[in-house]
Amino acid sequence: MRLSMTSDLWWKNAVVYCLDIETFADGNGDGIGDFRGAIQRIDHLDRMGVTCIWLMPFFPTPDKDDGYDITDFYNVDPRLGTLGDFVEFMRVARDRGIRVIADLVVNHTSDQHPWFKEARSSRDSRYRDWYIWSDKPEPDDPQGVVFPDKEDSLWEYDEKTEQYYYHRFYRFQPDLNTANPEVQDEISRILGFWMELGLSGFRVDAVPFLVEQVTDSGDDLPDPHEFFACLRAFLSRRDGSAILLGEVNLPYPDLVKYFGNDLGDELTMCFDFISMQRTYLSLARKDARPLAAALRERPNPPRDSQWATFMRNHDELTLDKLSDGEREEIFAAFGPDKDMQVFGRGLRRRLPTMLGGDLERIKMVYSLLFSLPGTPVLFYGEEIGMGENLEIEGRLAVRTPMQWTPHRNGGFSDADPSKVSIPMPKGDFGPENVNVSAQERDPDSLLAWITRLIRHYRDCPEFAWGKYTVLDTGVDAVFAHRADCDGETVVAVHNLGDAETEVKLTLEGFDSSKVLTDLLVDGRIEIDDSGRVSFPMGRYGCRWFRASAPETAPADSADPS
């Protein structure tokens, strides 16, 4: 397909890398990551092939919720740098051809934000209606409490004004009233401000909670889809190539509406939580059928929209869309200790520890990620197989400092270790054993493997752009699919089981005039006149094939031609 198309719609086959400035690299030796430190590490992402950096919140904050409790949407937290440092970061990333998006967290503020301080000063405050108030707490839905380990209600009493304010998350994070036109205008200003400083879009936090009916006042809220359509229109007027990447953890029929249905005029991309959760069920069972079923159920996004695929994000690994029994299967396989679980619905572990450090299996899972139809998203440290630190409370267990070297503080900071506020994992997954420096020198490392996967993923736009078909393999443990685009076809096959097996596929539309060439290793497979192929798959094996005529097939390294 034409590269000009992949350039115009860059998000369709981007490689997105999520990082937290606070935990990525310390540039001034105070034990806290900052923009100056991150600037010095951008070449690591460039060498991997990352095309888009997603920044977690870097705004001024009391830091009660890892930066998601914001006190100023128009500045940088002084611990992390200045606006000047941010602009320099943007400039260096752009020089490497890497776009940058950032978290848009506008469903709530910190209770220390000047808007809320003013709002709670008087019922007549000009900012009063920027938040949601009630004379009595509305009936709570226990399922609506996002963090049941910390909160038991969605309403908090304010003694001075003798009303309750609404908070979908923590009590120190009052929700903004997005029904208020002034709030809507302010959200647009926030987008516009950061776009002027170079951002290519935003990852929108907690999309389903941004516009919701929470009181019985009778006031009509704006339609949430009209709200996002207006937000997208504003974004497109400022920069037609900018995107909104939405965190929408809903069943497919409800989720797809946030694309704007067939129009594609709301969110540009949405995370595919359903297939992620089914993937872990398939991994736990060593049975590809739950994942295959999810992809067969998944609706196609609008033409210029895209699914974002991932194996791990910065929050708990939520399993909320599975049945109780399915969730318990995953807990038993990957997080049997209660301390490994969180909120009764997810895990606070990283993939390598869940898989017991089995490098062969870990490599297979990331091969699966990069071949799934959609745009892959990596969480920092995934490329080297970082583990979690369960001594840290809650979801923060997976947000430990990046491990660059085997030396003091893992190369994250040259500060005295006592000044590094977030402790790293110890033992097999500590920086002495898992770090960038060592893996850069090891051609068999996870870092080398993911770098190779990114290169081949970028060479196979069919995975992101093409029409995909889940194939029947005849083996429950093996997942296979093909992607077709503009007359080109790629096929990916993954063995989720720990036993060798023989895979047989039928590729409609193909005959002996075509061959399959393995893109990950040397090898070529003949197709018979009926479109059938067969080949062995090793334990946790993975293969990517390109279908082509023999004379145009990619060459083997040992091919004398």
Undergrad: Measure across Arg395 and Arg399 and return the closest heavy-atom pair with its distance rounded to 0.1 Å.
TA: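 That closest heavy-atom pairing would be NH1-NH2, 3.8 Å.
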
Undergrad: Are Phe169 and Phe209 near enough that their ring centres are under 6.0 Å apart?
TA: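 Ring centres of Phe209 and Phe169 closer than 6.0 Å.
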
Undergrad: Between Tyr380 and Trp54, is the ring centroid distance below 6.0 Å?
TA: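 Not under 6.0 Å, so no.
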
Undergrad: Per the salt bridge (Lys or Arg N to Asp or Glu O under 4.0 Å) rule, what does the pair list look like for residues 78-89, sequence neighbours excluded?
TA: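 Matches after skipping sequence neighbours: Glu22-Arg79, Arg36-Asp85, Asp63-Arg79, Asp77-Arg79.
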
Undergrad: List the steps, then state whether side-chain hydrogen bond (donor to acceptor under 3.5 Å, both in side chains) holds for Ser134 with Tyr165.
TA: CA-CA 6 Å; Ser134 180; Tyr165 65 83; over 6 Å; no

Undergrad: Restricting to non-hydrogen atoms, name the atom on Pro299 and the atom on Trp307 that form the minimum distance, rounded to 0.1 Å.
TA: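 Smallest heavy-atom distance, with atoms named: O-NE1, 3.1 Å.
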
Undergrad: Closest approach of Glu388 and Arg350, non-hydrogen atoms and distance?
TA: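 What the structure gives for the nearest pair is OE1-N, 2.9 Å.
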
Undergrad: I want to know whether Phe59 and Tyr74 have ring centres closer than 6.0 Å.
TA: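 Ring centres of Tyr74 and Phe59 not closer than 6.0 Å.
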
Undergrad: Throw together a table of side-chain donor-acceptor distances under 3.5 angstrom for residues 189-204, partners on residues two or more places apart or in other chains.
TA:
residue : atom : partner : partner atom : Å
Arg189  : NH1  : Glu186  : OE1          : 2.8
Trp194  : NE1  : Phe73   : O            : 2.8
Arg203  : NE   : Asp103  : OD1          : 3.4
Arg203  : NH1  : Asp103  : OD1          : 2.7
Arg203  : NH1  : Asp205  : OD1          : 2.9
Arg203  : NH2  : Asp205  : OD1          : 3.4
Arg203  : NH2  : Glu247  : OE1          : 3.1
Arg203  : NH2  : Glu247  : OE2          : 3.3

Undergrad: Would you say the ring centers of Trp133 and Tyr164 fall short of 6.0 Å from each other?
TA: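 Between Tyr164 and Trp133, which both carry aromatic rings, the centre distance is not below 6.0 Å.
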
Undergrad: What is the minimum heavy-atom distance between Thr61 and Thr71, and which atoms define it?
TA: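 That closest heavy-atom pairing would be N-OG1, 3.7 Å.
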
Undergrad: Output, in order, the C-alpha distance, side-chain angles, deciding distance and verdict of side-chain hydrogen bond (donor to acceptor under 3.5 Å, both in side chains) for Tyr366 and Glu382.
TA: CA-CA 9 Å; Tyr366 284 109; Glu382 279 193 279; 2.6 Å; yes

Undergrad: Checking side-chain hydrogen bond (donor to acceptor under 3.5 Å, both in side chains) for the pair Thr109/Tyr131: CA distance, chi angles, key distance, verdict?
TA: CA-CA 10 Å; Thr109 70; Tyr131 296 87; 2.9 Å; yes

Undergrad: Ile450 and Glu383: which non-hydrogen atoms are nearest, and at how many Å?
TA: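 Between these two residues, the closest heavy atoms are CD1-CA, 3.6 Å.
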
Undergrad: Under 3.5 Å, is there a donor-acceptor pair between the Asp111 and Gln173 side chains?
TA: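 Looking only at side-chain atoms, Gln173 and Asp111 do not form any donor-acceptor pair under 3.5 Å.
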
Undergrad: Going through the checks in order, is the side-chain hydrogen bond (donor to acceptor under 3.5 Å, both in side chains) test met by Tyr468 and Asp484?
TA: CA-CA 6 Å; Tyr468 70 89; Asp484 300 272; over 6 Å; no

Undergrad: Do the two ring centres, one from Phe370 and one from Phe463, sit under 6.0 Å apart?
TA: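 Aromatic pair excluded; centres sit 6.0 Å or further apart.
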
Undergrad: Salt bridge (Lys or Arg N to Asp or Glu O under 4.0 Å): which pairs involve residues 174-183, sequence neighbours left out?
TA: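 For residues 174-183, and leaving out neighbouring residues, there are no salt bridge (Lys or Arg N to Asp or Glu O under 4.0 Å) pairs at all.
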
